[in-house]
Visitor: 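So that we are looking at the same thing, I have put the structure below in structure tokens.
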Amino acid sequence: MRTASEALEHFATAVDREKLGVYGVHFRVGTDTASRRWRSDDRENIYSLSKGVCALAVGIAIDEGLISLDSTVGDCLPGLATGTGADQVTLRQLLSMTSGIDFRWFGHQPAPWPDLAAEMLSHPVVAGRFQYSDASTYVAMRMLGSRVGDVRDWLLPRLFEPLGIDNPQWHRCPLGWILGGTGLELRTEEIARIGDLLLDRGHWQGRPLVDPTWIDEMHTSFIATGNPPPMDRYALATWAGPGDAWRLEGRYGQFVIVNGDSVTTITAHEEDAVDRIAALAVESTS
């Protein structure tokens with residue numbers, strides 16, 4: 001395995017040669033680190049990488065005894081009218097995109113309904129198949145919010161402040177709830193701290209923030225999605241691959257990729273070669 005500096009050199013050379021739209025990258029291999037920027041380290045929408053932070057929030061809440069993966073929509077959101085079977089959809093199913101509710105919505109699309117959660121849950125459960133949607137994570141965070149209040153504010157002393165992430169902003173729906181599956185704005189360097197937390201199984205600089213078994217659960221309960229690689233297996237907000245690695249991934253090339261004892265954090269705006277960026281990160285740390 002390369003050192004962090006060697007990984008960076010390999011990655012940066014390819015990014016420049018292939019003209020990939022990378023904003024910044026941070027490598028950690030063991031305890032060795034190296035980083036490079038192609039533009040200023042501004043806070044950017046990390047898109048679906050936000051789902052990983054939602055999963056961490058759920059893990060913390062489970063550890064505090066506030067909710068479980070078996071908690072249902074009916075348990076947490078009893079005031080919402082639901083389609084057939086939707087009241088029995090669990091938090092696990094929402095986080096793993098297997099609710100069986102045939103409803104897709106993403107944060108860049110209009111939301112013409114008074115309540116996004118109510119709209120999704122008004123549809124019946126039709127099958128247990130995989131269907132990726134920001135709406136699933138949004139409903140999951142509404143369920144968590146029923147137990148903790150504002151999820152972003154609840155996370156401040158439990159996750160963001162210990163990681164030194166000051167006052168992060170998270171896009172919200174008209175009702176005031178965080179979008180959950182998208183819309184969290186962070187810098188590359190701030191995301192890298194979340195990467196360290198994943199690599200160190202829930203510990204940050206020796207301090208436990210998330211139960212290690214929850215970190216393991218996030219990337220060991222993979223299910224087949226029916227899609228071709230590298231989108232063929234999904235767990236709790238994480239994707240399998242490339243190769244033996246596992247990753248958080250957001251639109252346009254936002255990544256946290258754990259590969260053995262290394263973690264690579266990337267922010268980008270790449271519309272044509274996102275998979276190449278992920279493959280290159282794993283190649284660089286192998």
Side-chain angles (χ1 to χ4, degrees), residues 47-59 61-62 65-152 154 170-184 217-218 221-227 231-239 249-251:
Y47 296 101
S48 286
L49 202 150
S50 307
K51 293 178 175 67
V53 178
C54 293
L56 291 173
V58 170
I62 289 173
L66 301 174
I67 204 166
S68 81
L69 282 176
D70 295 324
S71 296
T72 67
V73 166
D75 294 333
C76 298
L77 303 173
L80 293 183
T82 56
T84 304
D87 63 324
Q88 295 304 307
V89 167
T90 66
L91 187 59
R92 178 188 289 276
Q93 290 173 314
L94 290 164
L95 291 177
S96 62
M97 306 293 167
T98 58
S99 71
I101 299 175
D102 187 15
F103 183 84
R104 296 187 74 202
W105 177 85
F106 295 97
H108 64 281
Q109 297 175 320
W113 316 283
D115 184 335
L116 177 60
E119 179 63 25
M120 176 176 175
L121 296 171
S122 70
H123 294 253
V125 173
V126 295
R129 64 187 175 88
F130 179 87
Q131 186 176 85
Y132 190 77
S133 172
D134 288 350
S136 288
T137 315
Y138 173 78
V139 174
M141 291 301 96
R142 286 284 294 272
M143 290 172 64
L144 181 57
S146 74
R147 304 296 173 85
V148 306
D150 188 281
V151 173
R152 177 265 187 190
W154 180 80
W170 208 323
H171 298 188
R172 296 176 180 270
C173 74
L175 298 177
W177 299 99
I178 61 167
L179 292 186
T182 188
L184 179 61
E217 178 76 10
M218 284 177 61
S221 54
F222 288 110
I223 59 168
T225 68
N227 298 319
M231 317 302 282
D232 55 331
R233 291 187 297 145
Y234 193 77
L236 299 177
T238 68
W239 297 93
E249 177 173 342
R251 194 180 190 200

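As the structure is a computational prediction, the values presented were derived from the model and not from experiment. Starting from 1, each residue takes its place in the sequence as its number.
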Visitor: So, taking the atom named CE in M143 and the one named OH in Y138, what distance separates them when rounded to the nearest 0.5 Å?
Guide: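 Atom-to-atom, M143:CE and Y138:OH are 13.5 Å apart.
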Visitor: Rounded to the nearest 0.5 Å, what separates atom OG in S146 from atom CD1 in I67?
Guide: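 Output value for this atom pair is 5.5 Å.
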Visitor: Taking side chain to side chain donor-acceptor pair (under 3.5 Å) as the definition, give me every residue that meets it alongside R129, ordered by chain and number, with sequence neighbours left out.
Guide: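 Scan of R129 (side chain to side chain donor-acceptor pair (under 3.5 Å), adjacent residues dropped) gives D102.
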Visitor: Take M120 and I101 through the test side chain to side chain contact (heavy atoms under 4.5 Å, CB included) and record every step on the way to the result.
Guide: CA-CA 7 Å; M120 176 176 175; I101 299 175; 4.1 Å; yes
Visitor: Could you list the residues that satisfy salt bridge (Lys or Arg N to Asp or Glu O under 4.0 Å) with E119, not counting sequence neighbours?
Guide: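 None.
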Visitor: Before giving the answer on salt bridge (Lys or Arg N to Asp or Glu O under 4.0 Å), spell out for D134 and R251 the whole-Å C-alpha distance, their side-chain angles and the decisive distance to 0.1 Å.
Guide: CA-CA 12 Å; D134 288 350; R251 194 180 190 200; over 6 Å; no
Visitor: Restricting to pairs with a member in residues 107-118, which pass salt bridge (charged side-chain N to carboxylate O under 4.0 Å, His left out), not counting sequence neighbours?
Guide: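 Applying salt bridge (charged side-chain N to carboxylate O under 4.0 Å, His left out) to every pair that reaches into residues 107-118, excluding sequence neighbours, yields D115-R142.
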Visitor: Extract all donor-acceptor atom pairs below 3.5 Å that involve side chains of residues 77-88 and protein atoms in other chains or at least two apart in sequence.
Guide:
none

Visitor: If we only count heavy atoms from C-beta on, is the D232 to N227 side-chain gap below 4.5 Å?
Guide: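 Heavy-atom side-chain distance check fails, nothing below 4.5 Å.
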Visitor: Take the angle between the ring planes of Y234 and W239 and call it parallel below 30°, perpendicular above 60°, tilted in between.
Guide: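 Ring orientation, 0 to 90° scale: perpendicular.
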Visitor: Taking T225 for the side chain and M231 for the main chain, is one N or O donor matched with an acceptor at less than 3.5 Å?
Guide: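 Between the backbone of M231 and the side chain of T225 there is a qualifying donor-acceptor contact (under 3.5 Å).
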Visitor: Would you say that K51 contacts M97 through its side chain, given a criterion of any heavy-atom pair below 4.5 Å between the two side chains?
Guide: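 They are in side-chain contact.
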Visitor: Pair L95, L69 - check side chain to side chain contact (heavy atoms under 4.5 Å, CB included), show working.
Guide: CA-CA 9 Å; L95 291 177; L69 282 176; 4.1 Å; yes
Visitor: Quick one: do T98 and R92 satisfy side chain to side chain contact (heavy atoms under 4.5 Å, CB included)? Show the steps, please.
Guide: CA-CA 8 Å; T98 58; R92 178 188 289 276; over 6 Å; no
Visitor: What verdict does the side chain to side chain contact (heavy atoms under 4.5 Å, CB included) test give for W170 and V53, after you've listed the backbone C-alpha separation in whole Å, the side-chain angles of each residue and the deciding distance to 0.1 Å?
Guide: CA-CA 11 Å; W170 208 323; V53 178; 3.9 Å; yes
Visitor: Closest heavy-atom contact between Q109 and R104?
Guide: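 Smallest interatomic distance, heavy atoms only, reads OE1-O, 4.4 Å.
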Visitor: Could you check whether any side-chain N or O of S221 sits under 3.5 Å from a backbone N or O of E217, counting only pairs where one atom can act as donor and the other as acceptor?
Guide: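 Yes.
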Visitor: Using 0.5 Å steps for rounding, measure from the SG atom of C173 to the CH2 atom of W113.
Guide: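 Here the rounded value is 12.0 Å.
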Visitor: Is there a side-chain contact between S99 and V125 (heavy atoms, below 4.5 Å)?
Guide: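 S99 vs V125: side chains apart.
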Visitor: Without swapping roles, check the side chain of Q131 against the backbone of F103 for a donor-acceptor pair under 3.5 Å.
Guide: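 Judged by distance alone, yes, a pair lies under 3.5 Å.
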Visitor: Give a yes or no answer on whether the side chain of T238 reaches the backbone of M218 with a donor-acceptor pair at less than 3.5 Å.
Guide: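 At least one qualifying donor-acceptor pair exists.
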Visitor: With a 3.5 Å cut-off and sequence neighbours excluded, list the donor-acceptor pairs that the side chains of residues 176-184 form with protein atoms.
Guide:
none

Visitor: Can you check whether L49 reaches E249 side chain to side chain, under 4.5 Å on heavy atoms?
Guide: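 No, side chains not in contact.
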Visitor: Side chains of Y132 and S48: any donor to acceptor distance under 3.5 Å?
Guide: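 The criterion, which ignores hydrogens and geometry beyond distance, is satisfied for Y132 and S48.
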Visitor: Can you measure from CZ (F130) to OG (S136) and round to the nearest 0.5 angstrom?
Guide: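 Output value for this atom pair is 9.0 Å.
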Visitor: Return the minimal non-hydrogen interatomic distance between A55 and L236, and the atom names on each side.
Guide: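 In terms of heavy atoms, the two residues are closest at CB-O, 3.9 Å.
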Visitor: How long is the span from the CG atom in L144 to the CG atom in L94, to the nearest 0.5 Å?
Guide: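 One gets 12.0 Å once the value is rounded to the nearest 0.5 Å.
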Visitor: Could you tell me which residues satisfy salt bridge (Lys or Arg N to Asp or Glu O under 4.0 Å) with R147, sequence neighbours excluded, listed by chain and number?
Guide: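 By the salt bridge (Lys or Arg N to Asp or Glu O under 4.0 Å) rule, R147 matches no residue at all.
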